[in-house]
Participant: 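Here's a structure for you.
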There are 2 protein chains.
Amino acid sequence: MAAREPNRSAEQLETRHRILREAATLFADKGYAATTTREIAAAVGVQQPSLFHHFGSKQEILDSLLRVSIEVPAATLKALVRQEGSPAERLMAHLFLDARHILSCPYNLLGLHADDVLLGDFGRWRAKLDELHRGIRRLVRSAVQEGEFVAVEPEFAQWTLTGGTLAVIRIHGGAPRPRPDRTAWQASRLLTRMYLARPETLDACQRGASEIVDRIRAEATPEDSPADKPKAKEKVKEKEVAP
Amino acid sequence: MAAREPNRSAEQLETRHRILREAATLFADKGYAATTTREIAAAVGVQQPSLFHHFGSKQEILDSLLRVSIEVPAATLKALVRQEGSPAERLMAHLFLDARHILSCPYNLLGLHADDVLLGDFGRWRAKLDELHRGIRRLVRSAVQEGEFVAVEPEFAQWTLTGGTLAVIRIHGGAPRPRPDRTAWQASRLLTRMYLARPETLDACQRGASEIVDRIRAEATPEDSPADKPKAKEKVKEKEVAP
DNA sequence: GAGTAGACCTATCAATTGATAGGGCACAAG
DNA sequence: CTTGTGCCCTATCAATTGATAGGTCTACTC
């Protein structure tokens, strides 16, 4: 009785991919707990039990999204601490990479950082997110100590910076943007400037951050063709995490 | 079988008040949808159906909290537009009043602005919140036009400023703080400075904001004893909203 | 002491929710 | 043609959830 028209539509996206996309949008709009599997299925254009052919449970859907949302920024931050450059430059590089990741991600990652999501069986992601936040706070603290930033509580700065990155998504929507790099630099400039002791040094800071980003990019693709764009995260083909 | 020990504890808070307090904390921790009425009841120390003796429904609990969370800031913002003063000063005054309201509120208002909360039957509050945000954006836009603020998208600034205010709660917890005024001024200084074109004018801006706050305070209590502290919001005795 | 109102309890319901079981259908391999 | 496999469907379940009905206890009033 229930036809599956939306399923056969033009786009060739596999169902699994589309489940993630629709679920992310719904989670962003209504929150994880308030989103039912039936709503997700309806948005995808399949029956509710069909979801469980692709994901073992509702939590597994969120788990896959959290992996995309958290693991990439955590990896870039880890790469950042090994790089040279002043704290403010490294922080700006992280803000840029984070914003670009969010903007170029095919899923709407807004709403995945809500508190209701990261409790219970998602403590693993909560821990990873906390680690990410700690890394940001360390960079802020260093920047304050070196006089690059004004005196600001690292925790406060961290929350406003991560919140500001989310504001970028809010404004530009969840859809992948045509020029994520440009928007991401704009956002990282505004966010970095917030706490810069001498705002006139923002351009110099961005130059340093840009160099860091280039180094990380070169480091991440040492043998790949150096000309292609770094869209390794586009295809979200996740491998099972080894226990 | 289930004794009601926590109920008879020292504090004289009426049950209704305590329901709001515990519910707000749970909503902040887990989100509205993920919080069950049984959890709220357990935190209060009563049986689940007893909640419905004080509130007609779970939504009504959230409704009462949203009223506290949104109506007060909306009223102060409305009072602000009538005041004299530069846009930045008025915005700073609003940021201070908002932060102080949150810090001195007996309920943990964090988590009430999550998206999952403001859909469905809470569209009324969503509209009010949007109106509040629009007012903030207007102030930002004026400040940018007059050169007080750097060039920043009003929408972006609004999200970072409101998010930054929430960060204050995150850091200082939901509990009422001993010196909300001091913390609120600190927060509003950090938030205002973010977009100030000339950060060295922050002190002057705060002086202007402080005068505005004093004027609003005097205006709000024209005949009351002028010496008492403005704790009119402490007692959250809500009257039914006339339809 | 009888009556009454408020606050809380136990028992229970109807709806919703995530998840399972098993069948049908298309399609590729042998 | 047969077999098998992947994908989706219908039918259904068990648990949870918000909410209701009705009883009990306490405190106050007359």
Side-chain angles (χ1 to χ4, degrees), chain A residues 1-9 11-24 26-27 29-66 116-117 119-122 237, chain B residues 1-9 11-24 26-27 29-66 116-117 119-122 237:
Chain A
M1 192 164 293
R4 39 176 158 156
E5 294 178 35
N7 194 10
R8 298 291 185 212
S9 68
E11 25 191 9
Q12 286 288 10
L13 300 170
E14 328 127 35
T15 305
R16 182 192 168 86
H17 187 167
R18 287 170 51 218
I19 290 173
L20 287 175
R21 189 162 55 87
E22 300 300 331
L26 283 165
F27 292 166
D29 282 350
K30 320 181 42 179
Y32 171 73
T35 302
T36 69
T37 53
R38 281 167 180 81
E39 285 173 313
I40 300 172
V44 174
V46 298
Q47 292 302 113
Q48 179 250 356
S50 298
L51 297 185
F52 297 94
H53 182 77
H54 299 272
F55 297 89
S57 65
K58 182 188 174 189
Q59 292 197 1
E60 214 171 275
I61 299 176
L62 178 58
D63 212 57
S64 301
L65 290 171
L66 284 172
D116 67 317
V117 141
L119 294 171
D121 302 317
F122 299 102
K237 198 153 264 171
Chain B
M1 192 168 290
R4 40 176 158 156
E5 296 179 33
N7 195 9
R8 299 290 183 213
S9 68
E11 25 192 10
Q12 286 288 10
L13 300 170
E14 329 128 33
T15 306
R16 181 190 171 86
H17 187 167
R18 286 170 52 215
I19 291 173
L20 288 175
R21 189 161 57 87
E22 300 300 330
L26 284 165
F27 293 165
D29 282 350
K30 320 182 42 178
Y32 171 73
T35 302
T36 68
T37 53
R38 283 167 178 81
E39 286 174 313
I40 300 173
V44 173
V46 298
Q47 291 303 111
Q48 180 252 355
S50 298
L51 296 185
F52 297 93
H53 182 76
H54 299 272
F55 296 90
S57 65
K58 182 188 175 190
Q59 292 196 1
E60 213 171 277
I61 298 176
L62 178 57
D63 213 57
S64 299
L65 289 171
L66 284 172
D116 68 317
V117 141
L119 294 172
D121 302 317
F122 300 101
K237 195 154 268 174

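Reminder, nothing fancy here: chain letters follow the sequence lines and each chain counts from 1.
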Participant: Please tell me if A/Gln47 has a side-chain N or O lying less than 4.0 Å from either OP1 or OP2 of D/dT10.
Facilitator: yes
Participant: Output the rounded distance in Å from CD (B/Gln59) to P (D/dG18).
Facilitator: 11 Å
Participant: Can a side chain N or O of B/Thr37 be found less than 4.0 Å away from OP1 or OP2 on D/dG18?
Facilitator: yes
Participant: Can you tell me if B/His53 touches the phosphate of C/dA7, counting only side-chain N or O atoms and a distance under 4.0 Å to OP1 or OP2?
Facilitator: yes
Participant: Salt bridge (charged side-chain N to carboxylate O under 4.0 Å, His left out) with A/Glu60: which residues, sequence neighbours excluded?
Facilitator: none
Participant: May I ask you to verify if any side-chain N or O of B/Thr36 is less than 4.0 angstrom from the OP1 or OP2 atom of D/dT16?
Facilitator: no
Participant: Rounding to a whole Å, what distance do you find between B/Phe52:CZ and D/dT17:P?
Facilitator: 12 Å
Participant: About how many Å separate CG of A/Asp29 and CD of A/Glu39, when rounded to the nearest 0.5 Å?
Facilitator: 10.0 Å
Participant: Looking at the side chain of A/Pro49, which of C/dT20, C/dT10, D/dC8 is the nearest nucleotide?
Facilitator: C/dT20
Participant: Strictly below 4.0 Å: does A/His54 bring a side-chain N or O up to OP1 or OP2 of D/dC8?
Facilitator: yes
Participant: Distance check needed: D/dA19 C1' versus B/Leu51 CG, whole Å only.
Facilitator: 11 Å
Participant: Taking C-beta and beyond as the side chain, do B/Leu65 and B/Tyr32 meet within less than 4.5 Å on heavy atoms?
Facilitator: no
Participant: Is B/Ser50 touching bases, backbone alone, or none of the nucleic acid, heavy atoms closer than 4.0 Å?
Facilitator: base
Participant: I need the CZ-C1' distance between A/Arg38 and D/dT10, as an integer number of Å.
Facilitator: 13 Å
Participant: From CG of B/Leu62 over to C1' of D/dG18, roughly how many Å is that when rounded to an integer?
Facilitator: 15 Å
Participant: Got B/Phe55 and B/Asp63 here, is their nearest side-chain heavy-atom distance under 4.5 Å?
Facilitator: no
Participant: Measure the distance from NZ on B/Lys58 to P on C/dT16 and round it to the nearest whole Å.
Facilitator: 15 Å
